[in-house]
Amino acid sequence: QTALAEDGEIKVGVVAAESGSFVSAGNTIAAAAKLATQQINDAGGIKVAGKTYKFKLFIRDDRTNVDTAIAAARELVNDVGVSAVWGTESHDFSVSMAKITGSAKVLQFTGNSSLGGVLSDESVAKDGWLHYTFQTEPQEWQRSTSTAKGVLSLVGPKLKTPPKHSVVFVGNDATGQYLSENYVTALKAEGQTVDLVKYPPDTTDFSPLLTRVKGLNPDVVHFWYNGDSTLIAFPQALKLGVAPAYFLFGVDPGIYKERGLKADQPVTMSCVPMCWGSAPFQAVKDYFEKYFALGAAKGPQSSVSLLYYDYFFMYAKALEQVGKLDDPDAVVAALEKMQYQGVVSAVPLSFNDHHQVTFATEVCLAEPGSSDKFKCAVEAPPATAPKAN
Amino acid sequence: MTLLTVEHLYTAYGAVKVNHNVSMTVDEGEIVTIIGPNGAGKSTILRAISGLLKPKQGTITFNGRNVTGLSADRMAGLGVVMSPEGRHIFGDLTVRENLKLGAYARKDQSGVDADIELMESYFDILAKKRDAKGSTLSGGQQQMLAIARGLMARPRILILDEPSLGLAPVMVKEVRSVIATVRDKFNAAVLLVEQNASLALAVSERGYLLQHGQIVASGPIGELRESSLMRELYFGEQRAPAGE
Amino acid sequence: MAALEINGLSKAFGGVIALGGVDLSIPDDRITGIVGPNGSGKTTLFNVITGVYPPTGGSITWHGEDISGRAPHQIARKGLVRTFQQAMSFPGLSVKENIQIALERGSRQLRGQAPRWHTPEDLLDFVGLGGRGGDDAGSMPFGNLRRLGVAVALAANPVLLLLDEPAAGLSDGEANMLADLIMKLPEMGIGVCLIDHHMTFMTALCQRLIVLDFGTKIADGTTQSVLTDPKVMEVYLGGEL
Amino acid sequence: MEILIQQLVNSLSVASVTILIGMGITLIFGLAGIVNFAHGEFLMIGGIATWFFVGMGLNFFVALLLAMVVVGALGFVAERCLFRFTLDRPMNGFIMSIGLSVILQHVVVRVFDEFQKSTPDPLGAVWVVGDVHIIAMRAVVVVITAIVVAITYFGITRSRYGLALRASVADQATAELMGIPVRRYVTGVFVYGSILAGLGGALMIGLFPITPFVGSVVITRGFVVSLMGGLGNVNGAVLAGLVLGLVDGLSAGYGYPEWTDAYSLVLMIVILVVRPQGLLGGTLGPKAS
Amino acid sequence: MTMEFLNLKVPMALGGAHGKAPAGSTEGAGNRGRRIEQIALAVALIAIVAALPSLNIGYRFLSIAITTGYTAIALYGLGLQFGQAGIMSVGHAAMLGVGAYTAAMLSNHLGVGFWAALPASIVFAAIAGGLVGLPSLRVSGQHYIIITFCCCALLVICLTNGGKLTGAATGLDVGSIPRVFGINFDKLFNYYYLVLAALVITLGLVYAIVNSSYGRTLRSIRENEQLARAIGINVDLHKIGVFMASGAFAGLAGILQVYYLRHISPTLYGAFPSLYLALMVMLGGGRLIYGPLIGAIIVNFLPEVMDLNPVDSRIAYGVALLVVILLLPGGVSSGLLAIYRWICGRLFGRVSKAGS
Ligand SMILES: Nc1ncnc2c1ncn2[C@@H]1O[C@H](COP(=O)(O)OP(=O)(O)OP(=O)(O)O)[C@@H](O)[C@H]1O
Ligand SMILES: Nc1ncnc2c1ncn2[C@@H]1O[C@H](COP(=O)(O)OP(=O)(O)OP(=O)(O)O)[C@@H](O)[C@H]1O
Ligand SMILES: [Mg+2]
Ligand SMILES: [Mg+2]
């Protein structure tokens, strides 16, 4: 069932939500894929065993519906015969799809943080069901630690006394449940006492829960994970005077500026994975220029595209290294060993032995009273997982 | 003066034809009865006149004005008011509210309270059950309420579909006098469908005999009662085939 | 002892006393009539007997068994089946299916007898609706609907059939035909208890009349004697018939 | 103590938006006999329209009035072109309204985009009393809700329209025989309910950002309020809205936060089982057989 | 109470809103010719559907056909409940959820595989159906609908907060179906036939129920509860019975779903999937035997067929729904049936007498 390229084409697929409730994240994947494949093809394609191949991209909408996602995966894998798939952005779909791609030896790149929960020695081993699956979001403890360090180091100097008590405010869905555990651990490792408050997904009026948070007397409130919800909750928190400092995960400085958000308190924010509103590296800046030039929308989720972009290049590089198109096992082996200098990270990207990528997270501080002055930092990813003390 | 004229009326429910070429008149202050076996289409004529059912063909003229096809609420506004078969009391509303609704189309809201008292004097049960919900009334009590509710509109013509249904003999007599009152006091005509022979014969002046959706005889009620169909129907002198 | 024995039965709705301690005995091999002014509690009596409302006080004994407070379907299965004052059917179904449903239910309560009607058509013929089986029960004229109501109740295989104003809306001629039909029932082993205001109909059918007024029994006896009772004449008949 | 007072203040403001949604639904459901699942989308469009007009440079409160007009017109068209034809089959109307909600969501996505929309806080002020923060815009929402409740109460419950509407939903044909222009009234109620949705949406975007998908989040609460209070019962909607607001405020403040949504659901089921006609009693809605 | 009095269509309870049974409905299909016609149609349909995979239709199509299949099974339960007993639910996905989670939890915590879990899923979903049905004995149609919606939301909250037991928001994974007679169900074709077999059994059972005296009993409850009680029908018992039957079919659908997706999470069983189930039944028509199947086919395949821009396709989809509901209030199946009868009438020169 291996996808054999014909006429110098390598078929690759994307499954993403172009409609339905995940549409804002889903659209960014398709946009990134188009940009990456176009760049690779324009630069002369992929040279394998002396022959030149171009990527042929098949994009399928999953309508934020798992049945459609599976049908799309089946189609791409069995009918179209792609050799690799990018997507999806939601956990359930990725997992269900991995069962299809894995058994057909089709590579799958998915920027799904909670996938970390199932990537294990066993599942990524040679006959494991995730052997062909790669997680393109950083390992959660890495992101959590570099974020926690970044937030505390930026906020600390702005407060009268160093922050000691953090409250993590997170949506009670799959990603939220999985992510918050790691972040709480990371904060504890940085010496914080931490309270975790989960809000039901789809909450619109946060004032009762925020008042509860206020009652906990936090030094810093961390709005974790869902940028859209954070953008609803944060202004309410400001009005209720919930805390002396805030951290907004997944809120891009670009959005902060666009919304004209402003606070007297220090506010930090971070993006998944790099911010388009205040990009730390020239490469990222260039990337977003091209990305938005293609007509992609500027939203809280725009950065998600970066979780997919680099991996087209990595995959192309791996194919060239292997020199064969019909040996997915060799491609996996090549990827496992590869160091690739991508856009998303200052240090080369690489996968660990659980097929998880490593890179740092950018954290920015908005100067109190301003909506467009940012100070950003990228904490180097830690080498080992933190332990709460 | 002719108040209501029906000319060449045809009615149907979907493909089921009911009335064929029905023509009739009601004069001002007159009491007219339509008589006919079960399923002859009596109620259907009344529905067409009161605007609940659009006629397939024919014209209905009221007070010199062509009212064919007007909706029921417009007809009520003009003074054509029907008290339907099977009472149709608003079960969730109180007796008083039911009466008030009867007067909905009236412009002179001031007279309404006085009329409610009048109705309560005709049917004393309505006073006793003033605040009871319609659904808790007994069948006969509901029937009285339905008639009173129709009267509350101060209609020019009151259409009653089987008003004596479910009434005790003593109340049937009461209804008889109320119908007479309608004409005398309210100055209204009455168009009646009634199975109770003694009531129909006692109150009405003229009648139409309906069979298979068509008018087969008409005239002063005294003459009609001699017709064979009428005898068969009302007095059971001969058996009509069942299920007509 | 009669099949249905009612002792001191009372029913109050809030302040309204619909039944104020009624004693009755109704046999299941005859036709018994109940009359009374509007609102005197006749329908309520049926409702309480058939379990639609629990009684406020008193007892109902059916063939020696106390059935007060039982659920309506349990009472129906014991052979006490009623019709409704507002004629009822299963409106969205065909006339035939209306009867079939009840027949199937009734055939499970045969109490050792042979079924009286084998097919819906038999029963339709019996009530004079022969050939109407395909009609939609919801769009029948009033009179036929009444007949269908009786047919459905008969199909449920009653021992005592409680009819609430079966002749309402029928002309005298039609009422006579219905009376002929009801007359046949006791011979078939079905007792009848009947409410109606149609006096020619009642006098033709019932040898015995019970009169209720304000929830109490004011007369009980032969039709002749009851109808000449001055009290009944006053409250119910409003003078001579 | 401040926290408790703050929670009570919050509850009141949560309750008022809920009341506005619930009141629109209770009128449309209980008095016009239409189960409009797209009511949430009507609200969303009210919010998006406000955002659009504010973006054009209009004052927030002018935009709010325009949004009410827009949604009212939408309601008029929907009733005249769609729900009119399903009055006798409420379940079909219900399914149709689901279709309508899909259409409205995606038309908004098509015309604008799928991202959150927000307007600057129209008032911006926050009054701090002790340590209790009273957000000016929320206070305004409470006041507007109170005014609307009063208008509705006297306009619908106290006038003869209320009675006529209750009669119409119970038995349309007989109501017509009484001279009640049932069709016109149904349209009227539907449009009025829609205008309330428009107002709710406008006020909502005055409080926090909304997305084209917000309708489906608020709609359940609207139905819960209308049934809990009693269909068609304005007072009932107010009471139920307050109860829900209080339950939300207190459970969020003192319960297990991840179970926040469950408290009000359980409460509603219990109330409906114990009092099927709702707390204050109402119509049976689309005629129950 | 006379329903059609005054000849205005009386608005019926939200529950039983299909109006009159369309001509030629399965209800009381007594006529022998019609029965032969039905059997022939069923055989032809099954033959076509069974032959589909060999026509090289592609995996995408096949996948969607599987989804359609198990959705249709759940819809048949809902169709019984709504079409026959007249009680609608917009929380039916919760019943699927109980079936699916029963299987997944048995597999994860007790190592019980597909075949052993199958009866358990059906039984648990049936019990859940009965429990959720209890309030319907007290509250009226439209109130009950909202209760089902809330029950569904509650289930999702419980599953989301169920920790290890339910896999919380992340959900649970299951393995493959153990082979029987050497059939490997990991092959999509084989899974397709498994679902097809389940669907055919469902169809047969539903057909039998609808045409049995039990089916008639349910319809009598739909049409007039009070009268049904008065002739000795235990209305409450049968209502709960139909909820349990409906739940059982949903349970079957649920276990088929979980072993197809191989991974489930609470959001699959929330408000939206539930609404779509209700929508499919209404669209296809709850009272005709092929109604639920047609509804499932339309909803699952329509977006595929109209593969416009996703946003446009949603709009077109909504518009199509409005048009269907307005023009064919009895559902697409009744519209198709009318066309079929019309053609037959034309072809054979006889006017179909059904329903006249
Ligand atoms: N809603 C309806 N749909 C179809 N046919 C109907 C409908 N209502 C009545 N019919 C039919 O129309 C015919 C006339 O009915 P109608 O109710 O006018 O009779 P009627 O003379 O008033 O009889 P009754 O004395 O029993 O009240 C009957 O054959 C009946 O079956
Ligand atoms: N559910 C109820 N709630 C309150 N009062 C009721 C209820 N049902 C009946 N009543 C009252 O009880 C009394 C008896 O009513 P019932 O229906 O038994 O009278 P009836 O003898 O059948 O009269 P009719 O001959 O008019 O049918 C009436 O005054 C009625 O208003
Ligand atoms: Mg009639
Ligand atoms: Mg009575």
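Worth saying up front: this structure is predicted, and the values here are computed from it rather than measured. Order of the sequence lines fixes the chain letters, A, B, ..., with proteins taken first and strands second; residue numbering starts at 1 for each chain.
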Inset, instruction - Side chain from CB out, backbone as N, CA, C, O: work out which of these in A:Ala72 comes under 4.5 Å of a heavy atom of chain E, or both, or neither. - result: both
Inset, instruction - Could you please spell out the steps behind the side chain to side chain contact (heavy atoms under 4.5 Å, CB included) verdict for E:Phe61 and A:Asp79? - result: CA-CA 10 Å; E:Phe61 195 91; A:Asp79 298 335; over 6 Å; no
Legend entry - Candidate pair A:Val77 and E:Arg60, rule side chain to side chain contact (heavy atoms under 4.5 Å, CB included), full reasoning: CA-CA 10 Å; A:Val77 169; E:Arg60 183 182 183 94; over 6 Å; no
Inset, instruction - Could you look at E:Val174 and say if it's the side chain, the backbone, both or neither that has a heavy atom under 4.5 Å from chain A? - result: backbone
Legend entry - Distance in Å, E:Ser176 OG paired with A:Trp129 CH2, rounded so as to fall on 0.5 Å steps: 12.0 Å
Legend entry - Short side-chain donor-acceptor distance under 3.5 Å, A:Asn65 and E:Tyr276: no
Inset, instruction - Would you name the heavy atoms of E:Ala169 and A:Ala174 that are closest together and state the gap between them? - result: CB-N, 3.0 Å
Inset, instruction - Keeping the roles fixed (side chain from A:Lys99, backbone from E:Leu261), state whether a donor-acceptor pair exists under 3.5 Å. - result: no
Legend entry - Side chain to side chain, A:Ile70 and E:Arg262, heavy atoms closer than 4.5 Å: no
Legend entry - Heavy-atom pair with the smallest gap, counting every atom of A:Ser96 and E:His263: OG-CB, 3.7 Å
Inset, instruction - Decide whether A:Asn172 and E:Asn161 meet the rule of one side-chain donor and one side-chain acceptor closer than 3.5 Å. - result: yes
Legend entry - Interface residue of largest heavy-atom contact number with chain A, from E:Leu268, E:Ile64, E:Thr160, under 4.5 Å: E:Thr160
Legend entry - Proximal component of E:Thr267, with respect to chain A [non-hydrogen, under 4.5 Å]: side chain
Legend entry - Expected output: side-chain A:Gln177 to main-chain E:Gly163 donor-acceptor under 3.5 Å: no
Legend entry - Part of E:Asn300 within contact of chain A (heavy atom distance under 4.5 Å): neither
Legend entry - Check: A:Asn78 side chain, E:Tyr59 main-chain N or O, donor-acceptor pair, under 3.5 Å: no
Inset, instruction - Could you please spell out the steps behind the side chain to side chain contact (heavy atoms under 4.5 Å, CB included) verdict for A:Arg74 and E:Leu188? - result: CA-CA 9 Å; A:Arg74 286 280 181 189; E:Leu188 208 56; 3.4 Å; yes
